[in-house]
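Numbers restart at 1 for each chain; the letters A, B, ... are given by sequence-line order, proteins then strands. Bear in mind that the values here come from a model prediction, so they are computed numbers and not experimental data.
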Amino acid sequence: MTVHNREIAAAFARIADLLEIRGDNPFRVRAYREAARVLEDMTEPVERMVKDGADLTRIKGIGKDLAEKIKAFVETGRLEYLEKLESEIPASLLELMKIPDLGPRRVAVIHKELGIETVEELRAAIETGKISSLKGFGEKSEQKIFHALSEIPNKKNHRMLLADVAASASSFQKYLEEQPGVERVSLAGSYRRGKETVGDLDILVICREGFEETVMASFVRFGEVARVLSRGTTKSAVVLRSTLQVDLRIVERSSYGSAMHYFTGSRAHNIAIRKLAVQNKYKINEYGVFEEGKKIAGETESGLYEAMGLRYIAPELRENLGEVEAARENRLPRLIGISDIRGDLHMHTTRTDGRNTLAEMAAAARDLGYEYIAITEHSRKVAMAGGLDESGLRQYMAVIDAENEKIDGITILKGIEVDILPGGELDLPDSVLRDLDIVVGSVHYQQRFPVRQQTERVIRAMDNPHLQILGHPTGRLLNRREPMDIDLERIIEAAKERDVIIELNAQPDRLDLPHNYCKLAAEIGVPIAVSTDAHSTENLLRMKNGITEARRGWLTRQDVINTRPLAEMTGMLRRR
DNA sequence: GCCGTTTTCGGCCCGACTGTTTTCAGTCG
């Protein structure tokens with residue numbers, strides 16, 4: 001019986017929702033939510049802490065009561081308090097909370113007054129006009145809810161991949177920049193923090209005085225707008241045809257820094273900063289930093305941090321996962337940037353499932369200014385992609401040798417992405433692996449083993465001295481597939497013992513190793529390879545997605561091997 | 001329910017917009 005951090009987090013989040021519907025103390029609700037968030041981000045398995053008898057109240061946001069609940073959950077697999085709440089409040093009400101404009105209070109009213117528990121019952125009540133007669137509801141609310149019910153996939157918790165938002169984000173930004181009176185357009189929110197997925201896009205605009213109305217009118221007229229959610233003098237919101245929600249705020253130049261800070265978030269980071277402000281007798285809102293009603297900062301973000309006695313914190317770090325303390329103690333990392341990258345160590349060509357030839361990939365990489373690349377085709381087990389067997393690989397190695405002779409300005413390393421088989425064996429014999437420059441090992445099949453078996457499998461693969469880089473370690477596909485059940489902390493420690501490098505796969509729906517484990521790997525001292533896993537020349541540009549995730553994981557240039565010159569990089573690969 | 005260089009009790013971040021209200025609650029970020 002294994003209880004994952006994310007299961008405990010989910011249980012606490014559920015408790016928070018149920019308590020909210022019940023109208024419980026909002027601060028207690030917040031305590032459960034905060035605990036859920038902390039558990040979600042933690043890399044150390046709480047289950048292990050319980051078994052080791054560790055003091056759970058040392059975890060920020062976990063006190064005596066929640067520590068007891070966690071302990072009981074780990075030991076019995078049950079959470080009595082949650083079960084009790086679920087017996088009092090129908091769980092289907094949580095579904096109703098997912099409908100925009102329906103929060104805990106109004107769901108409670110609907111339930112209490114009309115006995116409604118499900119989406120179907122809600123729909124029926126609207127059709128008979130019962131909702132609009134409720135206190136606090138009217139014609140408009142009824143219509144809005146009805147509208148939301150007709151587009152069920154557009155739930156308020158739907159999040160899009162960062163990379164999928166990027167195109168509309170920049171075209172929207174460009175459009176706004178061209179509008180009369182507009183002086184500056186900035187993107188904020190989780191988009192600016194580089195979060196893997198984005199729930200909505202926040203745009204801030206500075207405009208000349210008197211142009212506010214014009215800007216708002218332009219905003220809702222943007223060509224991709226499907227629906228206007230709200231429209232005020234300083235704040236409006238629309239939904240694009242892609243279902244992405246976009247919020248616009250018009251801010252004063254003198255408040256630009258505090259507004260950027262406020263709307264970049266995260267919420268947890270903002271709360272931490274404001275708490276700090278309150279302790280120092282300041283007040284922070286989106287308009288500035290105030291001391292006894294007098295504004296003392298706010299025009300720039302760094303001015304805001306400075307007023308709090310902090311170093312500037314990069315947006316990627318703003319998750320309240322230690323960055324505030326680090327900023328105070330002047331030990332923030334100097335984050336890696338895209339220009340630090342000298343090569344790409346994972347890519348495919350037309351020889352297996354890539355779309356561009358070896359020569360095209362090499363030329364494209366050289367045009368990016370890279371010093372080296374590694375060609376890492378699939379091995380035979382990945383038959384769907386035309387994976388190579390030993391003789392196929394040897395032939396291709398000769399092709400790469402020939403290409404290296406022809407091309408100037410870049411070195412092509414001969415590699416493989418060898419499949420890690422269910423028992424932990426590698427899919428190709430050592431006799432051929434030893435003749436390669438670089439060996440990436442990845443799991444593609446049987447991703448649903450129990451945690452112990454999956455962990456043992458990968459450690460066993462790392463026992464093979466030829467495996468130098470562990471590829472996409474969790475196998476997650478954002479919005480599509482959960483990560484494998486695997487003990488990543490043990491994997492990282494095992495990698496450290498064996499001098500194995502861990503990959504941060506930059507595919508926008510992978511971003512695997514996830515950022516919190518990037519941070520752990522750096523702390524443990526396991527170098528990371530940020531690789532694109534490109535299947536085309538265009539895919540090579542995905543490096544920037546990987547770098548964003550690396551920055552979210554607090555990584556510096558020193559933590560990443562492909563920032564090093566070729567000889568130094570190969571020198572960091574495990575000897576075999 | 002958590003937390004403490006003000007506190008072990010009494011606080012807990014802050015504001016815009018909407019709709020339904022006669023002065024504000026609910027939702028959202």
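- Counting all heavy atoms, side chain and backbone alike, A:Ile99 lies closest to A:Leu122 at CD1-CD2, 3.9 Å.
- One atom, CG of A:Leu276, and another, P of B:dC3, lie 17 Å apart when rounded to the nearest Å.
- Using modelled atom types, one side-chain atom of A:Asn5 and one backbone atom of A:Val46 make a donor-acceptor pair closer than 3.5 Å.
- Using a 4.5 Å cut-off on side-chain heavy atoms (C-beta onward), A:Met49 and A:Ile59 make contact.
- Contact annotation for A:Pro104: backbone-only contact, meaning every heavy-atom pair under 4.0 Å involves sugar-phosphate atoms and none involves a base.
- A:Arg159 has its CZ atom 12 Å from the C1' atom of B:dG29, to the nearest Å.
- The gap from the P atom of B:dT27 to that of B:dT21 amounts to 15 Å, rounded to the nearest Å.
- For A:Arg249 and A:Phe263, the positive end is not near the middle of the six-membered ring at less than 6.0 Å and at most 45° from its axis.
- Heavy-atom distances under 4.0 Å link DNA chain B to no residue of residues 290-317 of chain A.
- For the pair A:Ala67 and A:Lys275, nearest-nucleotide mapping onto DNA chain B gives the more 5' position to A:Ala67.
- A straight line from NE2 of A:His261 to P of B:dC13 spans 15 Å, rounded to a whole angstrom.
- The CD1 atom of A:Ile70 sits 12 Å away from the C1' atom of B:dG1 (whole-angstrom rounding).
- Residue A:Met260 contributes atom CE, which lies 16 Å from atom C1' of B:dG29 at whole-angstrom precision.
- In this structure, A:Ile284 and A:Tyr262 have side chains that are not in contact, with every pair of non-hydrogen atoms separated by 4.5 Å or more.
- Under the 4.5 Å side-chain criterion, counting only non-hydrogen atoms from C-beta, A:Arg328 is in contact with A:Glu325.
- Of the two residues contacting DNA chain B, namely A:Gln279 and A:Asp247, the nearest-nucleotide position lying further toward the 5' end is that of A:Gln279.
- Between A:Phe12 and A:Glu40 there is no side-chain heavy-atom pair separated by less than 4.5 Å.
- Rounded to a whole angstrom, the distance from the C1' atom of B:dT8 to that of B:dG1 is 14 Å.
- The C1' atoms of B:dG10 and B:dT6 are separated by 12 Å, rounded to the nearest whole Å.
- Counting only distance, with no hydrogens or angles, the side chain of A:Glu323 and the backbone of A:Asn320 share a donor-acceptor pair below 3.5 Å.
- Straight-line distance between the C1' atoms of B:dC17 and B:dC12: roughly 25 Å, to the nearest whole Å.
- Applying the Watson-Crick and G-U wobble criteria (two distances, each under 3.5 Å), B:dT8 pairs with nothing in any strand.
- The nearest whole Å value for the distance from the CZ atom in A:Phe263 to the C1' atom in B:dC13 is 13 Å.
- Residue A:Asp200 places no side-chain atom within donor-acceptor reach of the base of B:dG29, judged by atom type and a 3.5 Å distance cut-off alone.
- Using C1' as the reference atom, B:dC13 and B:dT22 are 29 Å apart when rounded to the nearest Å.
- Remark: the separation of the C1' atoms in B:dC2 and B:dT7 is 14 Å, to the nearest Å.
- Note on A:Ile62: only backbone sugar-phosphate atoms sit closer than 4.0 angstrom, heavy atoms only; bases stay farther off.
- In terms of modelled atom types and a separation under 3.5 Å, the side chain of A:Asn280 and the main chain of A:Tyr282 share no donor-acceptor contact.
- Rounding to the nearest 0.5 Å places CG of A:Leu94 at 5.0 Å from CG of A:Leu18.
- Protein atom CZ of A:Phe27 is 14 Å distant from nucleotide atom C1' of B:dC9, rounded to whole Å.
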- Task: Could you encode protein contacts along nucleotides 14-22 of chain B as a string, one character per nucleotide from 5' to 3', using B for base contact, S for sugar-phosphate-only contact and - for no contact, with a heavy-atom cut-off of under 4.0 Å?
- Result: BSSSSSSS-
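- Across B:dT23 and B:dT18, the matching C1' atoms stand 15 Å from one another, rounded to whole Å.
- For A:Arg28, no side-chain nitrogen or oxygen approaches OP1 or OP2 of B:dC12 to under 4.0 Å.
- One atom, CZ of A:Arg30, and another, C1' of B:dG1, lie 11 Å apart when rounded to the nearest Å.
- With contacts defined as side-chain heavy-atom distances shorter than 4.5 Å, the pair A:Ile116/A:Leu96 qualifies.
- Here B:dC13 is the nucleotide among B:dG1, B:dC13, B:dG29 with the atom lying nearest to any side-chain atom of A:Ile271.
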